[in-house]
Every structure is written in C-alpha cells, then in structure tokens.
**Q** 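Here you go, one structure.
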Amino acid sequence: MRKEEIKKLAFLARIKLTEKEVADVPRELESILDYIQKLSNVDTEKTEPLFHFPDLKNVVREDKSQTTDKETRKKMMAMGKDKDDYLKVESIL
Amino acid sequence: MTIKETQEKLRKREIAPEDVVSSFFSRIQERNKEINAFLSVFQDAADEIKKKDEKLPLYGAVFSVKDNILIKGERCTAGSKILEHYIAPFDATVIEKIRENGGVFIGKGNMDEFAMGSSTENSFFGPSRNPIDIKRVPGGSSGGCAAAVADGMCNAGIGSDTGGSVRQPAAFCGVVGFKPTYGAVSRHGVIGMASSFDQVGPFTSGVEDAEIVFNAISGKDSRDSVTTSIVRKKISRESIKVGVPEEYFVKGISNEVKEAVEKAVSDVEKAGVEVMKINLPHTEYALPAYEIIMASEVSANLARYDGMRYGLEFERPAAKTIHDAYINNRGEGFGKEAKRRIILGTYALSAGYYDAYYIKAQKIRSLIAKDFKEAFGKVDAILTPATPTLPFKIGEKIKDPLAMHLSDIFTVTANLAGLPAITLPCGEKENFPVGAQVLADRFNEDILFFAAKKFEKIWKH
C-alpha cells in the first residue's frame, strides 16, 4: 500500500491519521497483506461463498418503543452535556 | 473453587452467600492492582447474592463480565477511549439470563479495544497480566475475565469470542473457555466486532461449570436475529469417536505445546477412547480468510462511533465541520490496532478489491465449513491444541501484528464454521498450562461437553 492509498482509505473510513501513522500503517499491514495473498492458491471457481449459516432463520420482533426508567436516564445524561433532559451534541448542519 | 463446589458449600451452610462475594472482593483488593483484570468493581454484589433463591442453577456463581457486554447503569468501554464515558442504558440478554438464573456480577473485565487482540495489550486502560507470571500476557481479547477466574477473583466469567477471544486467554491462564455454536447464545447488548463470528461464552474452572452456564444463557432471543433454540442438550450415545487433525500439528506450533498435546491425545487413547487421525485440508487458509472477513465486518461495525456522545469530543475545541469532527474524534478515540483493522477492512470492501478479497475469503470459509462437515461424518468430536505457543511476554508481539494474529490460528476455524468449541488445560510445560481444544458439529453441544468432561477427567489424573 502506498501512502496516498492509506490516506484515501483513512478518508473513506473517516479516521484522521497522524503523519507517523500514515508512514507506519502500510508497513504494519504489509505482512498481513502478504499473508492473505495465500488465498489465491485455492481454486474457488465452483465454490459458493458462506455469508451465513443455512440452518439459522431470521428472528423478528414487533417494532415497539420502550421507555427507559428515570434512574438510567439520569445516569445517561451524566455522560455528556445535557440541556432540558436531552443530550447536547455538536450541530450537524 | 468451581460454581458446583460453591453451591454445595452454600447448601450445606458451610459458608454464607455474602462470604462468597467478600472473599472474592478481598482477593481483588489484594491482586487487581498488579493483574489489572478488572476495569470496575460492583460493591452491591454482596447484597445481590443474598437475595437469590438457592434452588436456581447459577446460585453462588459470581461473574466477571467482559467490558463489551452491557450491564444497565454501569460503564461499558469496550477497552476504548471512544467509549470511556459510556453508561449502558439496558442489560444484555446474557446478563438478564444470568441474573434470572441466580448469578451475580462482581465487576467488568479488561479487554483489548473492541475485542481486537490476543493479549489485552490493546486496552486503552493498560494491559492485564497473567496471574501465573505477571511478565506475561493473559491472552486476549477477554484477558481480564480469564485472569480473574484463574486468580480466584470470581468463579466464572462471561466474554465474547470472535476468533478465539474466550478460548485463547482461557488456555493461557489455565482455565476453561467455551465458545458456543454461532446462533446458540444471544448477542443482544454485546458490542459487536465481526457479527458473523461473534459469540458469547463463559470462563469457568471446569467443564461442568461451562455447561451449567451455557444451559442458563443459551436460547432464542427476539433481539438477536440469528438466535435459535435447536441446541441439543442430551447426548444419545455412550461412546464417541474422536478425530485429531494432522494440520493442527504442523508449521507454527511450538515444541512445548506439540509435545504436551500429543501426550494428552495418547492419554485419551490409553483410556480407551477411539481416536483417529483426520484431515482438514483447508486449515492453512483459515486465518487469512478470517483476517479479511473480520476486518471487513469490523470496519462496518465500528463506523457507528463518532465520539460525539460519551465525553471525548468535549475535551477538545469543537471542529469546524461535521467531517472534521468525525475524523478527529475517530482518529483520537481509536487505538492503533482498531485503526489498522478499520483501514484493512475498508480496503477489502472497496471497489475493485471486493471480489478478490471479501468474496474470495467467504468462499474459503465455505471450504473450511465443508472440511468440518466431512470430518463430522467420520468422528463425533475433534481434538486439537488450543494455542500454538505458551503465554508470551508482554511487549513480545505488540509491534508485529501478524505474529499477534497467529496466536489465534487454531481457534478461528470454529468461528468461520460456526462450531461450538471449548478449551481446557491438558498438561503443563515450564510451569505454564497447555490448553487443548475440543470441537463438535453445529448445535452438538451435548457431544462437546460429554467429550470435554471425559478428557478433563483423564488429564487431571
């Protein structure tokens, strides 16, 4: 992986890397990337991918809202800045 | 002391329930500073245990809980700075079930950040240490819980296992670690890492305890879409055939582990169990396939963390744009290993590479599962080493990601194929425990426990 490629991937993944990390990451990933090349030795022309297990069926539930009790709400509010019973975060738009 | 032994003492009134908890508390007080097994400790555990009905199956069981499993009202960090101030708003299903079945919680166990690592050195809160030798790692990622059970700070633990994160630290600390069949235990309320591999499983001092905990926590849950209740709990035969795969004794395994496990296998044979050599031809491709699928799923699962809610963002001057806020918070909030895996996953899933990496790896996964399916046509259970080496030194592998990942080479196969697998001590080398692993076919937990209990008895003599 080249530096530019790492920078692009970091942008796509929304992660700011320091200059040192931009230099280190390709080196650190190199051995893993070499290692995974091994897979090209296997003929998978006629093999189907296994995304999930065929013996499992999707479990569904009713889409109903639930109320959180007062005490938990209080603890949650203590995690960040709060304003009138809401968590305050940075403006997005 | 096992859960079973604790229960007997409680029922005979040899000890009071609050004493069970207080003896663990004093051990934690004495040892946790050095071992760093716990990130938080719950003082109310002594009151909780007194309220429990002694007829419940987990009565007397005192759990450490990996810090990626939600306990309502308690901090849950996943070992990461980005969740340093996160307080869980609800209980994970596994927590509810343990509570309903009589168990109590004594604290949260240290872990590699977002369960990514094999040593707990990737924890934002500092590494845990192996109680057998504090210069060595306890394994990971659920290293805190493994060390806590091994050191007598609790009699059980609950961790998550994506590529060996329960089984490998259990082996390094000399306790039992169990990963159930994918789909057997609910992950609702467990912070996701690689969702097609993640399973929740117990740490215990013996196989029977693992079975007791499993029976309490397994079952269908409307809040985890892959759960089912088809697990078999009663074995229908008395003797079993055991397969030993040749591919698990080749390149990468240390002499100490090889010798100890080979001796353990021959002891099993001598005890009259039918043992045969088998082949799982695609074994060497398991870890590379795992690397790709795991990193891909990690990059998707960790996309949700923006660092805006749980404190991190308020430590810094506000960013000018939302994009800057994201990249700054994530750049600062995630540790090295998390960033590396997110980048690798983003790479594997990006246009032009998706087929060559992600799809290819999922095809290999098919072949691994097929190898096992064929093997389970011939044998009931498979016996392998748990780890390729003895516990390594702190700092020894942290700078070489591949060397670290190779610690999971014998455990990732069960996650790829969704199989139940348990590790337990099978011998000793240089005063360190050596772990063996037993695998069974999907949902054949009955055979797995039957085999593991048999082996445990043989190896203890």
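In the text below, chain A, chain B and the rest are named by the order of the sequence lines, each starting its count at 1.
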**Q** Check each atom of Leu406(B) against the heavy atoms of chain A and say whether the ones under 4.5 Å are side chain, backbone, both or neither.
**A** side chain

**Q** Using heavy-atom distances under 4.5 Å, tell me whether Glu5(A) contacts chain B through its side chain, its backbone, both, or neither.
**A** side chain

**Q** Can you tell which part of Leu416(B) gets under 4.5 Å to a heavy atom of chain A, answering side chain, backbone, both or neither?
**A** backbone

**Q** Which answer fits Asp221(B), side chain, backbone, both or neither, if we ask what part of it has an atom under 4.5 Å from a heavy atom of chain A?
**A** backbone

**Q** Under 4.5 Å from any heavy atom of chain B, what part of Lys57(A) do you find: side chain, backbone, both or neither?
**A**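 When you check distances to chain B, only backbone atoms of Lys57(A) fall under 4.5 Å.
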
**Q** Of the backbone (N, CA, C, O) and the side chain (C-beta and beyond), which part of Gln37(A) lies under 4.5 Å from a heavy atom of chain B, both, or neither?
**A** side chain

**Q** Which of the residues Lys220(B), Lys399(B), Glu284(B) is involved in the greatest number of heavy-atom pairs with chain A at under 4.5 angstrom?
**A** Glu284(B)

**Q** Using a 4.5 angstrom heavy-atom cutoff, name the option from Ile32(A), Leu39(A), Ile36(A), Asn58(A) with the most pairs to chain B.
**A**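 The option with the most such pairs is Leu39(A).
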
**Q** Would you tell me whether Glu113(B) and Ser80(B) have side-chain atoms, one donor and one acceptor, within less than 3.5 Å of each other?
**A**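 Result is yes, a qualifying pair exists.
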
**Q** Is it the backbone or the side chain of Ser40(A) that comes under 4.5 Å from a heavy atom of chain B, or both, or neither?
**A** backbone

**Q** Let me know if Phe443(B) has heavy atoms under 4.5 Å from chain A in its side chain, its backbone, both or neither.
**A**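 It is the side chain, since no backbone atom gets that close.
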
**Q** Under 4.5 Å from any heavy atom of chain A, what part of Tyr357(B) do you find: side chain, backbone, both or neither?
**A**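 Only the side chain of Tyr357(B) comes within 4.5 Å of chain A.
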
**Q** Which residue out of Ile6(A), Leu29(A), Leu56(A) racks up the most heavy-atom pairs below 4.5 Å with chain B?
**A** Leu56(A)

**Q** Within the side chain of Asp306(B), is there an N or O that forms a donor-acceptor pair under 3.5 Å with the backbone of Tyr326(B)?
**A**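 Not a single qualifying donor-acceptor pair exists.
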
**Q** At a 4.5 Å cut-off on heavy atoms, which part of Asp224(B) comes close to chain A: side chain, backbone, both, or neither?
**A**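 Just the backbone, heavy atoms under 4.5 Å.
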
**Q** Check each atom of Ala88(B) against the heavy atoms of chain A and say whether the ones under 4.5 Å are side chain, backbone, both or neither.
**A**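 The backbone, not the side chain.
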
**Q** Chain A heavy atoms under 4.5 Å from Arg341(B): which part of the residue, side chain, backbone, both or neither?
**A** neither

**Q** Find the distance between CD (Glu121(B)) and NZ (Lys397(B)) and round it off to the nearest 0.5 Å.
**A** 10.5 Å

**Q** With chain B as the partner, which of Leu9(A), Leu12(A), Leu33(A) has the greatest number of non-hydrogen pairs under 4.5 Å?
**A**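 Heavy-atom pair counts peak at Leu9(A).
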
**Q** Below 4.5 Å, heavy-atom pairs only: which of Asp34(A), Asp24(A), Asn41(A), Val42(A) has the largest tally toward chain B?
**A**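 Among Asp34(A), Asp24(A), Asn41(A), Val42(A), the one with the most close pairs to chain B is Val42(A).
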
**Q** Determine the option with the most heavy-atom pairs under 4.5 angstrom with chain A, choosing from Ala403(B), Ala289(B), Gly183(B), Ala348(B).
**A**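 Greatest number of close heavy-atom pairs with chain A: Ala289(B).
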
**Q** Could you state the interatomic distance from OG1 (Thr47(A)) to CG (Leu367(B)), rounded to the nearest 0.5 Å?
**A** 4.5 Å

**Q** Taking every heavy-atom pair that is under 4.5 Å apart, which of Gly418(B), Ser350(B), Ala356(B), Ser225(B) has the most such pairs with chain A?
**A** Ser225(B)

**Q** Say whether Thr227(B) and Arg187(B), considering side chains only, have a donor N or O and an acceptor N or O under 3.5 Å apart.
**A** no

**Q** Closer than 3.5 angstrom, by distance alone: can the side chain of Gln199(B) be matched with the main-chain N or O of Val185(B) as a donor-acceptor pair?
**A** yes

**Q** Out of Ala295(B), Ser196(B), Ala417(B), return the one with the most heavy atom pairs under 4.5 angstrom to chain A.
**A** Ala417(B)

**Q** Centres of the Phe197(B) and Tyr290(B) rings: under 6.0 Å?
**A** yes

**Q** Donor-acceptor check, side chain of Arg14(A) to backbone of Ala303(B), threshold 3.5 angstrom: yes or no?
**A** no

**Q** Which pair of heavy atoms, one from Leu70(B) and one from Pro89(B), lies closest together, and at what distance?
**A**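 Heavy atoms of Leu70(B) and Pro89(B) come nearest at CD2-CD, 4.3 Å.
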
**Q** Salt-bridge test for Glu74(B) and Lys108(B): reply yes if a basic N is under 4.0 Å from a carboxylate O, no otherwise.
**A**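 Result for this pair is no, no salt bridge flagged.
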
**Q** Heavy-atom distance under 4.5 Å to chain A: side chain of Ala361(B), backbone, both or neither?
**A**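 Its backbone and side chain both get close to chain A.
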
**Q** As an exercise, state the distance from CG of Asp408(B) to CE of Met294(B), rounded to the nearest 0.5 Å.
**A** 8.5 Å

**Q** So does Pro49(A) get a backbone contact from the side chain of Arg365(B), meaning a donor-acceptor N/O pair under 3.5 Å?
**A** no

**Q** At a 4.5 Å cut-off on heavy atoms, which part of Glu21(A) comes close to chain B: side chain, backbone, both, or neither?
**A** side chain

**Q** Just so I understand: if I count every heavy-atom pair under 4.5 Å between each of Glu291(B), Arg75(B), His323(B) and chain A, which residue has the most?
**A** His323(B)

**Q** Most heavy-atom pairs under 4.5 angstrom with chain B, which of Thr18(A), Thr44(A), Val25(A), Val60(A)?
**A** Thr44(A)

**Q** If you compare all heavy atoms of Gly345(B) against all heavy atoms of Ser299(B), which two are closest, and at what distance to 0.1 Å?
**A** C-OG, 3.7 Å

**Q** Counting only heavy atoms closer than 4.5 Å, note whether Leu17(A) contacts chain B via side chain, backbone, both or neither.
**A** side chain

**Q** Does a donor on one side chain and an acceptor on the other come within less than 3.5 Å for Glu96(B) and His188(B)?
**A** no

**Q** Any chance you could measure Leu419(B), atom CG, to Phe372(B), atom CZ, to the nearest 0.5 Å?
**A**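 Leu419(B) CG to Phe372(B) CZ: 5.5 Å, rounded to 0.5 Å.
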
